[in-house]
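One structure is given here, and the rest of the page talks about it.
In listed order, ligands and their atoms are each counted from 1.
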Amino acid sequence: MPDRRGRLITIEGLDGSGKTTLADGLEAALLDRDLPVLRLREPGGVVLSERIRDLVADPGLAPHPRTEALLFAAARAQLCAEVLLPALEDGRWVLLDRFVDSSLAYQGGGRGLGLDVVARINELATTGCRPDRTLLLRVSRASGRRRLLARGEEQDRMEREDDAFFSRVEQAYDALATGEPERFRTLDAHKDAAQVLTDALDALADILQAG
Ligand code: T5A
């Protein structure tokens, strides 16, 4: 049994902000330091939650905002119960692409459900698990969208939302980061990917040093 809980590092930001690219770089950097890394993504990470991922991405469905919030929370609850919480108990460093803050920003802010109600649903889903550090990749909606369009994939249901929606998401993220300066580090994701990785490692320096 390890003598301390592992670490939970989450990556947040608008669609196309470069979360996956940064997670690739961070995973390699943590492995280089011989840290026991576990890489996960939301929604997904375990079979049931990957099925929910398909549902929430489907442009042919129109879930009510409350349904949408509950679906993301249900995917999260399963990920937490099956993998995330046991990995932290086991002393691992979990690198997680999106977590509760995504629901607060997209469903609480973007859909207008409000932060309080979304936070309450997610207390149940996560049993109150909090990240040790959250890296918020800040990119303009236009840049994020350009990057995703350049990839040439079909847009999923969320990516089809209008600019007003993403502007509410952005505002909610900023409010979350301002409200919890100890946990959040905001990174300029317009920089090239190598520089974003360097900035992210700087933003993790204190917890890496503490081990
Ligand atoms: N959602 C999710 C909610 O509404 N509520 C929730 O609770 C949760 C968990 C799926 C959707 O679900 C919503 C949010 C989303 O709309 P997702 O799978 O994380 O979430 O979807 P995206 O955010 O769209 O993730 P993507 O994989 O599409 O984008 P990433 O990971 O942010 O970006 P990445 O790294 O794939 O990069 C995109 C492109 O840009 C390039 C990459 O090479 C790639 O081509 N790139 C850069 N180019 C220039 N400079 C850089 N610094 C670059 N970094 C990456």
Side-chain angles (χ1 to χ4, degrees), residues 10-28 39-46 49-59 61 63-80 84 95-113 115 117-119 121-126 131 134-163 165-166 168-170 172-173 176 187-200:
T10 58
I11 307 176
E12 295 283 350
L14 291 185
D15 300 61
S17 55
K19 292 173 282 70
T20 310
T21 305
L22 176 60
D24 288 342
L26 280 179
E27 184 179 21
R39 164 100 174 263
L40 296 169
R41 70 169 181 179
E42 279 211 24
V46 293
S49 310
E50 290 288 338
R51 296 247 189 115
I52 295 176
R53 182 184 182 91
D54 292 340
L55 273 180
V56 289
D58 187 343
L61 297 174
H64 187 278
R66 286 195 298 273
T67 313
E68 186 179 273
L70 288 165
L71 283 169
F72 282 114
R76 185 164 298 128
Q78 190 64 25
L79 179 74
C80 283
L84 177 56
L95 203 51
L96 180 53
D97 185 339
R98 296 194 180 279
F99 193 47
V100 175
D101 297 304
S102 283
S103 284
L104 294 171
Y106 281 76
Q107 282 65 55
R111 297 287 187 224
L113 285 179
L115 300 194
V117 70
V118 177
I121 296 167
N122 279 282
E123 280 293 313
L124 174 67
T126 64
T134 296
L135 303 172
L136 175 59
L137 296 186
R138 211 165 190 312
V139 80
S140 67
R141 168 68 183 142
S143 297
R145 173 173 259 159
R146 251 195 319 275
R147 289 178 186 176
L148 291 179
L149 288 177
R151 233 168 30 184
E153 290 167 13
E154 205 182 321
Q155 286 185 310
D156 69 22
R157 191 175 58 84
M158 303 296 283
E159 284 161 11
R160 293 173 191 213
E161 289 298 331
D162 61 16
D163 288 346
F165 173 85
F166 284 103
R168 290 192 297 275
V169 172
E170 226 175 343
Y173 266 137
L176 290 166
L187 306 179
D188 179 358
H190 295 102
K191 296 180 183 173
D192 68 54
Q195 188 58 51
V196 175
L197 174 59
T198 303
D199 293 350

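In this structure, Arg145 contributes its side chain and Ser140 its backbone to no donor-acceptor pair below 3.5 Å.
For ligand 1, residues of the protein lying within 4.0 angstrom by heavy-atom distance are Asp15, Gly16, Ser17, Gly18, Lys19, Thr20, Thr21, Glu42, Pro43, Arg53, Phe72, Arg76, Arg98, Ser102, Ser103, Tyr106, Gln107, Arg147, Leu148, Arg151, Met158, Glu159, Ala189, Lys191, Asp192, Ala193.
Between Leu26 atom CG and Leu22 atom CG the span is 4.0 Å, to the nearest 0.5 Å.
Under the rule for a side-chain contact (heavy atoms from CB on, under 4.5 Å), the partners of Arg53 that lie at least two apart in sequence or sit in another chain are Arg41, Pro43, Glu50. For Ala193, the side-chain contact (heavy atoms from CB on, under 4.5 Å) test picks out Thr21, with sequence neighbours left out.
No donor-acceptor contact under 3.5 angstrom links the side chains of Asp101 and Tyr106, judged on distance only.
Among residues at least two apart or in separate chains, side-chain hydrogen bond (donor to acceptor under 3.5 Å, both in side chains) pairs with a member in residues 67-80 are Glu42-Arg76, Glu68-Gln107, Glu68-Arg111, Glu68-Arg157, Arg76-Ser103, Arg76-Asn122, Gln78-Glu82.
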